Each structure stands twice: as C-alpha cells, then as structure tokens.
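Keep in mind the model is a prediction, meaning the values are calculated, not measured.
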Amino acid sequence: MKKLITTLTNIWKIEELRNRIITTLLLLLIYRIGCHVVLPGVNPDALAAKSGNNGNNILDLINMFAGGSFSRSAIFALGVMPYISASIVVQLLGIAVPAFQKMQKEGESGRKKMSQITRYLTLAITLVQAVAYVKTQVPAEAKTIAEPLFSILSAIVLTAGTMFVMWLGEKITDKGIGNGISLIIMAGIIAQLPGGIVAEWGSRMSPSGGGPIPLLIEFVALFFVVIFAILVVQGIRKVPVQYAKKIVGNKQVGGVRQYIPLKVNAAGVMPIIFAQAIMFLPMALSQFFPNLQSEFLASLSNYTSVAYNVTFAVLIIAFTFFYTAIMVNPQQMSEDMKKNGGFIPGIKPGHDTNVFIDNVISRITFPGALFIAIIAIMPALAGKMGVNNQFAHFYGGTSLLILVGVVLDTLQQIESHLLMRHYDGLMKTGRVKGRSSAAPVEGIDQSAI
C-alpha cells in the first residue's frame, strides 16, 4: 500500500503528466454526459418501454460498445464505430491499393492525407448508419416530431455526434494520456460494468439464485479469465537478430544482438470484429426475408447456441490467419534486415530468413487464434452456466481484449513518464509491458508487428 501511495504521489508531482490525466478524465466525462443526452424529438419514457422488451443479444452487444447510448437513442448513439470501420477500410486499402501504399511511405504528409481520407469516409459511413438507426431503432410511439423532419434532424445530430466523439478521441491522444479512441471505447464498456454487477447480484440474491457463493465463484472465474486474456495479449516469440560490426570514423557501430518480437496475437481484436460482422448476416436475412427463416438460421442468430459459437470460433481462427498474413510481411522483414546488415543466427540472409520467419509466424498464430476463439465464446459459456446476460459479456470477447490492451498501453505511458524523470515505475520489479513495448529492431517497421 505504501508503494502505491508513493507512486500516486510521484504521478501527481509531474505537472505534465498530471495535466494530461486531468485533461483525459474531463474529455471522457464530456463523452459520458453526451451518452445520456437523448435525440431531439424522442420521448425517453416510450423509448425505455420499447427497449425493455427488446431482448436482442446482438443489439445488447452493440449497445455495450456504445456505452449504453445506443439503447437510449442518445446523440452519441453510433459512438466511434463508424470511425473504426473507416479506419479498417483505409488500412486494408493501404495493403491492396498501390496509391495508398505510396501514401503510407510519404511519412508525416502521407499520414495526414490518410487521416483526412479516414475522416471523410467516417462522415459517409455515419450518414448511412444514422439513417438506418433512425429507421430501425427508434419506435414510432417514441417520436414526438413528424416525419420526415424527425429522420432528417436525427441523422444530422447523430452524424455530428460521431464526428464530435472522433474529435474528442484525437484531443485525448494529443493532449491527454493514452490512445483517445481506445479510451472512449473502454469508457463505454466500463460504464456498463456497474449495471451488470447489480443485475447479477439481484439475480443471485433472488430465492432461486443460489446465494453469495455462486457469485463469489463467478468473480474468481472472471479474475482468471482476465489473467488468461493478459497472457494472450502480451505473448511474444522473440526471434534473435545479430548485426554485423561496422567501423564509422573512429567508432564501432553494430555487433549487438536484438530481437524481432513476433506477437502470438498479431491480429489483435480484428478477427473477432470481422467474425461478428459475418455473424450479423443471419439476423439481417431473417428480418428482410421472413420466408428464409429456419431452425438453423434462428440458431445462428442466438449467440448462446452451439451452431453460433462453433461457426464463430471457426471464423475467428480463419480471420486471424488472414489478418496476420496481410499485416505481417516476412519478406519485407528479411529484406530490411539484410539492408541493415542483420541476420538470424544459423539462418542465411534473404530467402531462408523469409521462410524461417514465415514458419515461426505460422506456428505461433494457430495457438494465438485458438486462444482468441476461446476468449470470444466465453460470454456464451458464462450465459449457459447461469450468468446474467449483462454481466456475461465481460467474461470475454472484444470487450475484454480491448479493456486489457487499453489499460496496459495507458499504464505503460504513465510508467514512461515516471521512469523518464527518475521515479520508480508502477511495478516493484520489472516493467509494465503494453502492446507496443517490445524492443524495436533496426530497419523493421514496428507497425507491421
């Protein structure tokens, strides 16, 4: 406890770090306030009665990522998801389209151009999603403004809300601590945790709930699930790299051994996001084409069914290999090492190095994909074991991986400020390792890792 108090005191002593933390908290507070401001022309009471009878597991999941604003029809109902979608599209274009590849290699000016394209694409996606949201998620009995004025006004407000949230995220990144967009998503997820705990407490304390013992077991299980998620996020395979000695002037350069940190989970949460997007299709098909309804299609729309979870796990494993293949380029790594006079001990530079790195990536990707699939279906397993739906979402899936990754990254940034000013870090021994804390290797683009 004394160590913790001393560390918090040191954090408060550093003026820059203190101001960044306060700025981050204030901007997140603004976001949370906006999540409770209902769209103009919406009756909150009628909306609450409608949403209370919804019971759609998929929409509950979307609502959690939006911090509860999705079900409230708030001005921030769409959150940052359109921005995430636009970023994914631009990222994939940077891999497949030569013009975007050239833009990526232009340095700071290229990044600014891609950021501007991402913003414009976010605006277009938000407009489409805003119209769809107003048409499908706001019931007629909750509207107090006549159509089509209500739809036009709501679409404009929702679009402006998403752009404002995106601006808040950029300001947190520039003036605060941590990645702004990630922190906004994390704030929305954490905001749902108290409600989930209260709902689970009420469920367990009911006459048929089982009492406090099952509740205690659930919290212990959640603790170990979080530890397991941290191990998956932090897991890396270190490939040693030796650099040849060079004489530059009167100094010797090189001759040191570094390593390439190949992540067990190089794809992050992207496979789960892609798989979830595919799993939304059965629900959409059953709504638009009632004649196609069948028992199998209905099971794919229920996230606790065996068919859903088996299909979901297979898609996650497939997308993990796919996304890792397009994000991690062994050939580029081997070429960069060769240019900088580096080699893997016992492996010839060039083609052999490329094959070696590719084989290592293939071996570590499968267990990583399997672990991610297990984490992704943990909420369904928890639901099958009697955990309340609101609380079960925190047992795994995208939400848990985002929480673990964002917390580790933020703590790493705070620790960097402490160590830079000769204070002790957050850990008594060792260092906090975030997702980007691996030691860099000369000539290798770390963003690919």
Side-chain angles (χ1 to χ4, degrees), residues 30-86 121-169 184-185 187-189 191-192 195-196 199 273 276-277 279-290 293 301-303 389-390 393 398-399:
I30 293 172
Y31 167 70
R32 290 305 305 156
I33 292 173
C35 289
H36 290 81
V37 178
V38 181
L39 288 170
V42 173
N43 184 346
D45 296 332
L47 186 68
K50 174 69 176 177
S51 61
N53 298 325
N54 192 358
N56 191 307
N57 293 322
I58 301 295
L59 295 184
D60 288 343
L61 191 63
I62 297 174
N63 183 54
M64 183 175 67
F65 287 114
S69 59
F70 188 89
S71 62
R72 298 188 195 101
S73 289
I75 58 175
F76 294 161
L78 299 180
V80 294
M81 300 314 292
Y83 175 78
I84 299 298
S85 302
L121 186 57
T122 301
L123 180 61
I125 293 174
T126 306
L127 282 170
V128 174
Q129 291 188 358
V131 173
Y133 177 85
V134 173
K135 294 294 184 183
T136 60
Q137 299 304 315
V138 183
E141 56 268 25
K143 299 176 183 178
T144 60
I145 299 177
E147 292 286 2
L149 181 60
F150 175 79
S151 296
I152 296 172
L153 179 62
S154 297
I156 294 173
V157 173
L158 287 170
T159 303
T162 294
M163 301 308 290
F164 180 73
V165 172
M166 184 179 70
W167 178 83
L168 283 178
I184 284 175
I185 297 174
I189 295 173
Q192 304 300 301
I273 293 175
Q276 281 177 338
M279 297 307 295
F280 287 158
L281 292 178
M283 183 183 68
L285 288 174
S286 62
Q287 288 181 349
F288 288 106
F289 303 100
Q293 288 186 358
S301 301
N302 179 12
Y303 91 105
N389 183 44
Q390 289 179 262
H393 285 307
T398 316
S399 57

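Considering all non-hydrogen atoms of both residues, A86 and T122 come closest at CB-OG1, 3.3 Å. A pairwise comparison of heavy atoms in F150 and I145 identifies CB-O, 3.5 Å as the closest pair. Looking at every heavy atom in both residues, A74 comes nearest to H36 through CB-N, 4.4 Å. Of all heavy-atom pairs between C35 and S69, the closest is O-CB, 3.6 Å.
Side-chain atoms of R32 never come within 3.5 Å of backbone atoms of A187 as a donor-acceptor pair (strictly under, hydrogens ignored).
Between the OG1 atom of T144 and the CG atom of L39 there is a distance of 10.5 Å, given to the nearest 0.5 Å. Between atom OG of residue S71 and atom CD of residue Q137 there is a gap of 10.0 Å, rounded to the nearest 0.5 Å.
With sequence neighbours left out, the side chain to side chain donor-acceptor pair (under 3.5 Å) criterion links S73 to Y133. Residues meeting the side-chain contact (heavy atoms from CB on, under 4.5 Å) test with I33, sequence neighbours left out: L29. Checked against side-chain contact (heavy atoms from CB on, under 4.5 Å), A160 has no partners two or more places apart in sequence or in another chain. S151 is linked by a side chain to side chain donor-acceptor pair (under 3.5 Å) to E147, counting only residues two or more places apart in sequence or in another chain. For Y31, the ring-ring contact (aromatic ring centres under 6.0 Å, His included) test picks out F76, with sequence neighbours left out.
In this structure the side chain of I184 reaches within 4.5 angstrom of the side chain of L168, judged on heavy atoms. By the 4.5 Å heavy-atom criterion applied to side chains, K143 and V138 are counted as neighbours. Proximity of V165 to Y83: side-chain heavy atoms (C-beta onward) are nowhere separated by under 4.5 Å.
The side chain to side chain donor-acceptor pair (under 3.5 Å) contacts involving residues 153-169 comprise nothing, where partners must be two or more places apart or lie in separate chains.
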Report task. Carefully, step by step, assess I75 and L158 under the rule side chain to side chain contact (heavy atoms under 4.5 Å, CB included). Result -> CA-CA 5 Å; I75 58 175; L158 287 170; 5.8 Å; no
